[in-house]
Each structure stands twice: as structure tokens, then as C-alpha cells.
Enquirer: 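Got a structure here, written out as C-alpha cells. Questions coming.
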Amino acid sequence: MTISNLHDMSVAELAQALHSKKVSAVEVATDFLARLGGNPHNAFLDIDSEVTLAQAQASDARLQAGTAGPLEGVPVAHKDVFVTRDFATTAGSKILTGYRSPFDATLVQKLGASEHGGAGMVTLGKLNCDEFAMGSANENSAFGKVTNPWDTARVPGGSSGGSAAAVAARLVPAATGTDTGGSIRQPASFCGITGIKPTYGRASRYGMIAYASSLDQGGPMARSAEDCALLLSAMCGPDLDRDSTSLDVPAEDFTRALNGSLEGLRIGMPQEFFGEGLAADVRAAVEGALREYEKLGAKLVPISLPRTELSIPVYYIIAPAEASSNLSRFDGVKFGHRAKDFTDLVDMYKKTRAEGFGNEVKRRIMTGAYVLSHGYYDAYYLQAQKIRRMIADDFQNAFQQCDVIAGPVAPTVAWKLGENANDPVADYLADIFTLPASLAGLPGMSVPAGFGADGMPVGLQLIGNYFKEGQLLNAAHRLQQATDFHLRQPEGLK
Ligand code: GLN
């Protein structure tokens, strides 16, 4: 039996069809590979149909043998900051041109071949992103911009822009992303899909090219909360030997949390998230979603996160500080690009880095080195660390009054390509609603909440307390049962 429109099916539906042998992994992979021709939206950075088909054949063998993983044969694609043995990895940077990792990142392994203990997903390729995950619009990729499937004149968000665009355009049913200050939630919001960043430390960072290690967290992006729950269940769990900040918290089957009642759930609305800077269309969609929650039995509670505005300077001190240290390893010796003409070792370092890094990365390395330097460390870095702790405390105070926090993901819908090209600070400011949860290490997600100006998608952000991913996914799932925003697709999509 053949199923038409495989690309319209959810992860859950595909897994079911594969397990019941209505379709084979090779058929599914072939269908999706055919959609990648011409690389729509410039979403992919590496595609290798031979590798994908070989993985699909191995999945079919396991499906036949009865040794299949839960997501056996379902396609996935990885943000290009996850290292992969079978595909190139660039992190969106020229400096990693030609680099091939000798191993797979833990999350790639956990989602991949079930013979290695993974969920059995088949990798379609690697997804475009901002260089080293620095950006909010995917305009900082060294390999070209990604366009938003809802309006190709607009950005898909960033830094996981390729992941969001690929899922929205049904080029892949689910993808991985990483979120340091919003990079799963914001592109999910801009492209009308669902994404979750788990609690910091809950999913391994091993093999995720580091941007800001105390903030970086991988997570899934898919069309529905149910699909995110399926992937996240496979992604979480301790990796203590390989990631020193991995938490010793067991993996969970998050699908079990779905369909819980929302009766009496207290949803906190931070007043700082609904102030002046919020565009009217985004506000209207978010408030509409909150009314749905009231219908489902939840209670809205006004709360305050008083240091929300400070999260911007705090994040843009701490993240560059960590980046300046993390990126020192890219010096032309061990990985990727090396300058051709140089006079001595130091000259080789300088030329390699000058040629290999893009402007935004250089800006952040310089900012980071400055805030860490003798004489400024106390004034900037140390102060930022203190305020970071206060921001985390503010959340704990808020969680005395509510169970889940809700608000917008971003102040506006996706902006036009090039609009902020000469104004990096405009991009930084637009991160205001996603940075606080990142600084506190809390789980956060974006759920399609409706449409704003020019029919562009709007995401609702849900933030939970530590380890409450199940509660967030359930809340998102219940909204998705009551609405159809996550099922709509961009006009003109084939
Ligand atoms: N926009 C933020 C930044 O540029 C967040 C990026 C991210 O989460 N990776 O740093």
C-alpha cells in the first residue's frame, strides 16, 4: 500500500505507518529527498542521498527483524551545530569548511540508528543556521540566508532558521535546534511551528559546537507538541561522562504527560512581557491563545518578572564572554580552514581567523574579550553574573504564584530580510522575551498561537519550572487540540 503525501504526516503518524509496514523507510526517505531538490529556502547545508538511503535501508531491516526503535525510519535533520560523522559540519561558518567530525553528537546518536541505542530516525541532512548560532534571523550564516516559507521576503528567525523553515515547508517532519537565548523558540514562532528547549542540562551538549556553554541547550522542532514530545523523550537523559553539565535526571516518556487536564492550571502573565514594545498583532494572537486556555479551565494570574529588560545586557555580556573563550579553538590547527599565506604561527592564527569568521562572530569575540579583560571583568562580567542569579530568583518568586508562565516569544512577527542588516542591536533587542528563561536555565517552548500582520505566524511562549517539560508539552498539546494553527501551511506549498 502506498500513502500519498508522506510529507504532510506527523512524526507520530509516520512512526505508526512504518511500524505497521504500510510504508517502508526507503519510500519515506525517497519522498522527502525528492522535495529537497533545489534546496528550497536554502534550508539545508548538506544533503547526501546515498547516506540517507543507506540509513533508511538499515531501518527497514530492523523493522523487518522486529528490532526497530520507537521512531524507526522517520526522517529528521540536524542543525549544523551538531557534529555528524556522515555529513559535513560547519556551524554556518567558513572556518569549518572541509571539516568532518570523527563522531556523532550525543543527540544525533540518540535520535539515530537504533542498533546504537537510538530512536531509529533517518538523517536527511544538515540545516542552515546563523554562524555558531549567533543571530536571530539566520542572516549571519556564511552560506546564505534562509527564507521564511510563509513569506520568502522575510527572515525565518534564528539561529535555528534552517530547522524552522524546513519543518514549516514540510521538507522534514522534525528537526533538531539549539537554544542559547531563544534560537529554538523564536524561529519556531516566526515559522509557525512548535519547538521546545528543555531544562539546561537535561539533554547532552556533547558534540554540539559550543557558543555559550552555560546557556546552550538542544531540543526538538516539529509541527506539533506531540511530535516534540516523541523526539524529546529520545533526546533527554544523563551523559555524565561526556558533558560535565549534564544532569543526572533520567529520560522520560513525555507523551505520557499529554492529555492531562488544565483545570485550575495557573498561567502567569508577566506584565513586562505585555508592555509598550509588544506589537499589537502579536499581542492580539497571544491574548487569543490565553483565552483558549481559560476555556480549557486554566486561570490567568498577573505576575512580574521585574528584571526582564536587564536580560538583554546581561545575556549580551555573558554569551559573548563564553563565546570568546569557546571559539579560541578555531585557529587553523585542528579544524577546517587554514589561511594559505602566512609568515609564522601567530600570523597563521590571525589570518585564519580573520578569513574564517564573519562579522557578527568577530563582534562577539571582541565584546567577550573586552568584558573579561582585567579592569572590566568586575564592572561587566561579574555584575552580569550577579544579575543573572537575580533573574533566576525572580522566576522562582513567580512560580510561587503560578504553574506555567505565558507570553509572546518575540515582540513582532518575522521581519523583512535585510531590515536589520546594519543594526545588530535591533536583533539583540528583539530577543527580550526569550533571554530570561535561557539565563535561568528553565524549559521554554513556542506554540503556534495564530497569525499577525500580513498573515505571518505568531508563537505563544510557555515557560515552566525546572524539569516541567511534560507540563509544558501537555499545555501546548491541549491548545493544539482546541485550535488548528499548527496544522495550517504556508500558501503555495507543494
Ligand atoms: N539571538 C541570540 C543570539 O544571537 C540567541 C541565539 C541562540 O539562541 N543561539 O545570541
Side-chain angles (χ1 to χ4, degrees), residues 130-137 139-140 157-159 178-186 197 200 210-217 270-279 303-327 359-398 405 407-412 415 420 422-442 444 461 463:
D130 282 305
E131 186 173 2
F132 290 106
M134 298 175 187
S136 309
E139 292 182 294
N140 299 334
S159 63
T178 64
D179 192 311
T180 302
S183 280
I184 287 177
R185 291 162 284 162
Q186 186 256 27
K197 167 194 109 72
Y200 177 77
Y211 160 18
S213 312
S214 77
L215 295 151
D216 295 344
Q217 183 59 69
Q271 67 185 66
E272 295 78 5
F273 281 37
F274 291 87
E276 262 175 58
L278 182 62
I303 58 159
S304 173
L305 293 170
R307 274 165 275 251
T308 297
E309 261 183 38
L310 286 177
S311 66
I312 299 173
V314 167
Y315 173 89
Y316 280 99
I317 288 169
I318 292 174
E322 294 185 20
S324 72
S325 166
N326 274 325
L327 272 56
N359 285 342
E360 185 59 29
V361 172
K362 288 178 183 160
R363 186 178 292 123
R364 299 210 189 181
I365 291 173
M366 286 192 286
T367 310
Y370 179 83
V371 299
L372 288 174
S373 61
H374 183 72
Y376 294 106
Y377 180 91
D378 288 356
Y380 295 108
Y381 184 70
L382 209 58
Q383 286 297 98
Q385 290 290 19
K386 287 180 184 167
I387 300 169
R388 179 178 187 178
R389 161 57 60 188
M390 291 171 167
I391 290 170
D393 290 345
D394 288 343
F395 274 107
Q396 291 313 308
N397 287 335
I405 293 171
V409 173
T412 63
W415 51 87
N420 293 348
N422 300 315
D423 186 3
V425 176
D427 277 13
Y428 301 173
L429 294 175
D431 290 341
I432 183 161
F433 302 136
T434 50
L435 300 178
S438 294
L439 290 164
L442 292 165
Q461 182 176 206
I463 301 169

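Nothing here was measured: the structure is a model prediction, and the numbers come from that model.
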Enquirer: Determine whether Thr180 and Ser438 make a side-chain contact, defined as any pair of heavy atoms from C-beta on separated by less than 4.5 Å.
Expert: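 A side-chain contact is absent here, since even the closest heavy-atom pair is not under 4.5 Å.
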Enquirer: Looking at every non-hydrogen atom in both residues, tell me the closest pair between Thr434 and Gly181 and how far apart they are.
Expert: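 Closest pair (atom of Thr434, atom of Gly181, distance): OG1-O, 2.7 Å.
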Enquirer: With sequence neighbours excluded, what pairs up with Glu131 under the side-chain contact (heavy atoms from CB on, under 4.5 Å) test?
Expert: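 So Glu131 forms a side-chain contact (heavy atoms from CB on, under 4.5 Å) with Ser93, Phe357, Val361.
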Enquirer: Test of understanding: with salt bridge (Lys or Arg N to Asp or Glu O under 4.0 Å), list the residues that count as partners of Asp427, not counting sequence neighbours.
Expert: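 Here no residue qualifies.
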Enquirer: Taking side-chain hydrogen bond (donor to acceptor under 3.5 Å, both in side chains) as the test, write out the residues that go with Glu309, two or more places apart.
Expert: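 Testing Glu309 for side-chain hydrogen bond (donor to acceptor under 3.5 Å, both in side chains), a comparison that skips the adjacent residues, returns none.
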Enquirer: Less than 4.5 Å apart, side chain to side chain, heavy atoms only: is that true for Phe274 and Pro408?
Expert: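 Phe274 reaches Pro408 side chain to side chain.
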Enquirer: Only counting residues at least two apart or in another chain, list the ones meeting side-chain hydrogen bond (donor to acceptor under 3.5 Å, both in side chains) with Tyr211.
Expert: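 Tyr211 satisfies side-chain hydrogen bond (donor to acceptor under 3.5 Å, both in side chains) with Tyr315, Arg364 once adjacent residues are dropped.
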Enquirer: Does the Asn140 side chain pair with the main chain of Met134, one donor and one acceptor, at a distance under 3.5 Å?
Expert: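 Flag set: sc Asn140 to bb Met134 pair under 3.5 Å.
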Enquirer: Could you pull out all residues at least two apart from Gln461 that satisfy side-chain hydrogen bond (donor to acceptor under 3.5 Å, both in side chains)?
Expert: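 With neighbours one apart ignored, the set is Arg185.
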Enquirer: For Tyr316, enumerate each residue passing the side-chain hydrogen bond (donor to acceptor under 3.5 Å, both in side chains) test, keeping only those at least two apart in sequence or located in another chain.
Expert: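 Tyr316: side-chain hydrogen bond (donor to acceptor under 3.5 Å, both in side chains) contacts with Asp431.
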Enquirer: Considering only heavy atoms from C-beta outward, does the side chain of Asp216 approach that of Thr178 to under 4.5 Å?
Expert: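 They are not in contact (no side-chain heavy atoms under 4.5 Å apart), so the answer is no.
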Enquirer: For Thr412, give me all partners under side-chain contact (heavy atoms from CB on, under 4.5 Å), at least two apart in sequence or on another chain.
Expert: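 For Thr412, the residues satisfying side-chain contact (heavy atoms from CB on, under 4.5 Å) (neighbours in sequence not counted) are Ala279, Trp415.
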Enquirer: Can you list the residues that meet the side-chain contact (heavy atoms from CB on, under 4.5 Å) rule with Ala369, with sequence neighbours excluded?
Expert: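 Expected list: none.
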Enquirer: Show which side-chain atoms of residues 375-386 pair as donor or acceptor with protein atoms under 3.5 Å away, not counting sequence neighbours.
Expert:
| unit_1 | atom_1 | unit_2 | atom_2 | d |
| --- | --- | --- | --- | --- |
| Tyr381 | OH | Gln385 | NE2 | 2.7 |

Enquirer: Please enumerate all residues that pass salt bridge (Lys or Arg N to Asp or Glu O under 4.0 Å) together with Asp130, with sequence neighbours excluded.
Expert: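 None.
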Enquirer: Shortest non-hydrogen contact from Pro411 to Ala430?
Expert: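 So the two residues come closest at CD-O, 3.3 Å.
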Enquirer: Minimum heavy-atom separation for Ser183 and Gly135, please, with both atom names.
Expert: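 Ser183 and Gly135 have their closest heavy atoms at OG-O, 4.0 Å.
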Enquirer: Just by modelled atom types, is the Val409 backbone N or O under 3.5 Å from a matching donor or acceptor in the Gln186 side chain?
Expert: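 No, Gln186 side chain to Val409 backbone: no donor-acceptor pair under 3.5 Å.
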Enquirer: Who passes side-chain contact (heavy atoms from CB on, under 4.5 Å) against Ser214, sequence neighbours left out?
Expert: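 Ser214 satisfies side-chain contact (heavy atoms from CB on, under 4.5 Å) with Ile318, Glu322, Arg388 once adjacent residues are dropped.
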